[in-house]
J.: 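Sending over a structure as structure tokens; questions will come in a sec.
For reference, positions follow the sequence shown, starting with 1. Every number for a ligand or one of its atoms is a count from 1 in the order of the listing. Basis for what follows: all heavy atoms, side chains included, without hydrogens, waters or symmetry-related copies.
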Amino acid sequence: MAENEKNTNEPANKGNYGADNIQALEGLEAVRKRPGMYIGSTDTKGLHHLVWEVIDNSIDEHLAGHCDTIDTIIHPDNSITVKDNGRGIPTGMHAKLQKSALEVVMTVLHAGGKFDKDTYKVSGGLHGVGVSCVNALSIFLKAQVHREGDIYEQEYSKGIPQTKVEKKGKTDYRGTLITFRPDGEIFETLEYKYAVLAGRMKEMSYLNKGLTLTLTDEREKDEEGNFKTETFHSEGGLVEFVEFLDENRQSLISSPIHVVGKREGVEVEVAMNYNTSFAESLYSFVNNINTREGGTHVNGFRRAVNRVFKQYGDDNGFFKKLKFNVSGEDFREGLTAVVSVKVPEPQFKGQTKGELGNSEVTAVVSQCVGEAIKNYLEENPKDSKRIIDKVILAATARHAARKAREMVQRKNVLTGGGLPGKLSDCSSKDPAESEIFLVEGDSAGGTAKQGRDRVFQAILPLRGKILNVEKALEHRIYENEEIKNMFTALGVRIEEGEHGVRTLNIDKLRYHKVVIMCDADVDGSHIVTLILTFFFRYMRPLVDQGFIYIATPPLYQVKKGKNSVYCWDEDERKQAVGSLGKGENDASVKVQRYKGLGEMNADQLWDTTMDPQTRILRQCTIEDAIECDRIFSMLMGDEVPPRRQFIEENAHYANVDA
Ligand code: 0RA
């Protein structure tokens, strides 16, 4: 570092000090004026982004070979500490700016951290804006550096130093600790979500094998008074990642196919597995950043998979009996893969910058993956045949599915968007104010129809248990009456693009609230899960955009004379029994356990569950997509033991209904 400081080539110029200082302030002012430009948004996503910005600097230290542990703590006031055992942010005098390098790193926009250009910055948040942005957006930040036996500290508020860089004593430790509290003037919410942080850390541990990440939540204590804490570490990297993703699925092959390669300065690592399910789970990363919308690296991967498997099947005559061609998408069913590339200068595209744009990456990935799969197929004929058999099954089913899907969608178009007969639509045509209730059973559907506000609330009754899409071939899904009704009522359609990639077109979505309303019992929960599985696998954008909700009917009505109270849980019931009567043994107090929506009349259903003024709607959001994927595959897939265990650990209704 010392060398780099001298390397700035410019004489120390005291006259510039003021000007540089002003520049630094202007930079941070810009961040505070337009935080969205720097961290994406000021909602919960932006809030969490601050943590990734800080951790990314520590990951850089890991990638440079100087750091193996990163500890993150959520403090009770939702401030965050990130501690690493890297080299420590340099504290010496920055020749050009005439102040401590620590202050420069923390206050100058884009100073980033590394002044040396030898190592390209491989990690880095989506925006890669650096820790000075976090500083600018924090009401309080303290940087503590343990370096060469000394502790240094500086504090800031809104990015402005509140103290000098001060020596705080001696240390045997080496590393950096950053503690920050996000500014309430900037962020819409200040509450950190453990699951969001843990999910991403788990992901990072697989992407950076050998690195240990810990997460501690000081807001939550267990019975023994210990804080909630988890450690994330993987020695197996991507192979372990894929095994984890497929833990609850049945594998077709003995172990994942692993690809490691480097070409034209681009590092490629892929692990892939085939399982007996019908879903594809593909996660892609560029420089450790999750590229949700894929991009050139994913295209290269698909190209290789399609080309090499197709060639292998053709060469061995496996496809001879088929009356139609296998196509790209047939290689996707039951595929679980993680594609990770390291690109020196990544270009991100798309609405959310979640798509890699660098065109040269396609060929690089395609070649690396192609070679590796080819070798694998030659060396593992038994596993290869199993994959090919699965592909043939997929191709056959696809043929049927396309016809079925076209039928649903064509009917839709021909009849001018004819709505399902079972739908009681609302009169409003404004999707933003319209709601649709998906109601379990015709009888509850009838009650809901009477109870609703017909101006903006539509009712679609669903017959009992809808199809389990996790276990069904795709064409069965489009043949299913309840699912067809949902497509037509919602006004959404599936479109097929390159490589058979399906996207959901929601331009004509007719309601911005899609409310799943089921009985408050075990069967009802099962139906909610079935419907959510369907939305997660086939209408994912509706979940991502926050259009999916779950209604919460009350569990009890507690009544004494003319007074009555609805209760949503056991505690509320106890309280109501206490406040209305003389406690549990008071016989004039009546407790009704509502097991089904059908036990309520239309007025009660409106008052408790449908009236926007009083109801409780739970919005479905995805905090951790990977965990979600695993849980759906576990709840709805073939493997029974993990499901039984999950239910035993999580069953809430068991007590109530026992
Ligand atoms: C600048 C230069 C060097 C390391 C860092 C910054 C650095 C930044 C952060 C942020 C969080 N943890 C960090 N650890 C290190 C290189 C230091 C050297 O050459 O000694």
Side-chain angles (χ1 to χ4, degrees), residues 1-8 24 28 31 38-39 49-73 79-97 99-125 127-138 140-156 159 161 165 168 171-181 197 200-201 204 208 211-215 287-288:
M1 186 64 227
E3 284 94 352
N4 289 317
E5 281 163 21
K6 287 182 207 125
N7 266 349
T8 50
L28 297 185
V31 177
Y38 296 86
I39 55 157
H49 193 97
L50 301 181
V51 181
W52 310 134
E53 277 306 333
V54 178
I55 290 185
D56 280 342
N57 289 286
S58 307
I59 298 234
D60 277 347
E61 284 295 285
H62 167 73
L63 292 170
H66 301 289
C67 162
D68 64 11
T69 307
I70 303 171
D71 300 308
T72 303
I73 302 161
S79 63
I80 299 278
T81 294
V82 177
K83 170 184 171 189
D84 68 52
N85 62 352
R87 285 169 293 183
I89 303 178
T91 51
M93 199 55 129
H94 189 278
K96 186 181 167 195
L97 300 182
K99 51 186 162 194
S100 167
L102 173 61
E103 186 172 327
V104 176
V105 168
M106 298 308 302
T107 59
V108 179
L109 202 56
H110 299 304
K114 308 295 187 282
F115 304 112
D116 53 280
K117 294 249 160 64
D118 313 344
T119 54
Y120 63 79
K121 195 173 158 58
V122 167
S123 75
H127 308 264
V129 289
V131 71
S132 62
C133 280
V134 178
N135 197 8
L137 301 176
S138 295
F140 170 82
L141 186 145
K142 179 164 93 180
Q144 191 183 73
V145 174
H146 294 238
R147 208 177 145 93
E148 287 155 19
D150 293 310
I151 302 175
Y152 302 84
E153 241 178 58
Q154 188 170 32
E155 292 184 6
Y156 317 81
V165 175
K168 291 277 176 180
T171 180
D172 293 330
Y173 188 76
R174 193 198 66 178
T176 306
L177 289 89
I178 307 264
T179 300
F180 66 92
R181 193 148 62 83
L197 296 178
R200 171 75 175 132
M201 280 182 200
M204 287 200 279
N208 299 282
L211 176 66
T212 299
L213 296 129
T214 72
L215 177 62
N287 302 351
N288 286 334

J.: side-chain contact (heavy atoms from CB on, under 4.5 Å) with D150: which residues, sequence neighbours excluded?
T.: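 Residues passing side-chain contact (heavy atoms from CB on, under 4.5 Å) with D150: Y152, K167, K170.
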J.: Give the contacting part of A101 toward ligand 1: side chain, backbone, both or neither, where contact means a heavy-atom distance below 4.0 Å.
T.: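 Within the 4.0 Å criterion, A101 makes no contact with ligand 1.
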J.: I want to confirm something. Looking only at heavy atoms, which of V145, D56, N57 is nearest to atom 10 (C) of ligand 1?
T.: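 Of the listed residues, N57 has the closest heavy atom.
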J.: Does D71 have any side-chain contact (heavy atoms from CB on, under 4.5 Å) partners at least two apart in sequence or in another chain, and if so, which?
T.: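 Only T69, K83, T214 meet the side-chain contact (heavy atoms from CB on, under 4.5 Å) criterion with D71.
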J.: Any sub-3.5 Å donor-acceptor pair from T81's side-chain atoms to I73's backbone N or O?
T.: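 Not a single qualifying donor-acceptor pair exists.
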J.: Between R147 (side chain only) and R87 (backbone N and O only), is there a donor and an acceptor less than 3.5 Å apart?
T.: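 Answer holds: yes.
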J.: Hey, does V105 sit under 4.0 Å from ligand 1 if you only count heavy atoms?
T.: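 Outside the 4.0 Å threshold, so no.
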J.: Got a donor-acceptor contact below 3.5 angstrom from the N57 side chain to the G130 backbone?
T.: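 No; judged by distance alone, with no hydrogens or angles, the pair does not exist.
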J.: What are the atoms of ligand 1, with element, lying closer than 4.0 Å to any heavy atom of R147?
T.: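 Once the distances to R147 are compared, the set is 17 (C), 18 (C), 20 (O).
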J.: For the 3.5 Å polar cut-off, considering only N or O atoms, please tell me whether D84 and ligand 1 meet it.
T.: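 Yes, since at least one N or O of D84 sits under 3.5 Å from an N or O of ligand 1.
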J.: With heavy atoms only and a cut-off of under 4.0 Å, state how E148 meets ligand 1: side chain, backbone, both or neither.
T.: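 Contact part for E148 vs ligand 1: neither.
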J.: Does the pair L213 and T72 meet the rule for a side chain to side chain contact (heavy atoms under 4.5 Å, CB included), with working shown?
T.: CA-CA 8 Å; L213 296 129; T72 303; 5.9 Å; no
J.: At a 4.0 Å threshold, what atoms of ligand 1 neighbour a non-hydrogen atom of E61?
T.: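 Selected atoms, number and element: 4 (C), 14 (N), 15 (C).
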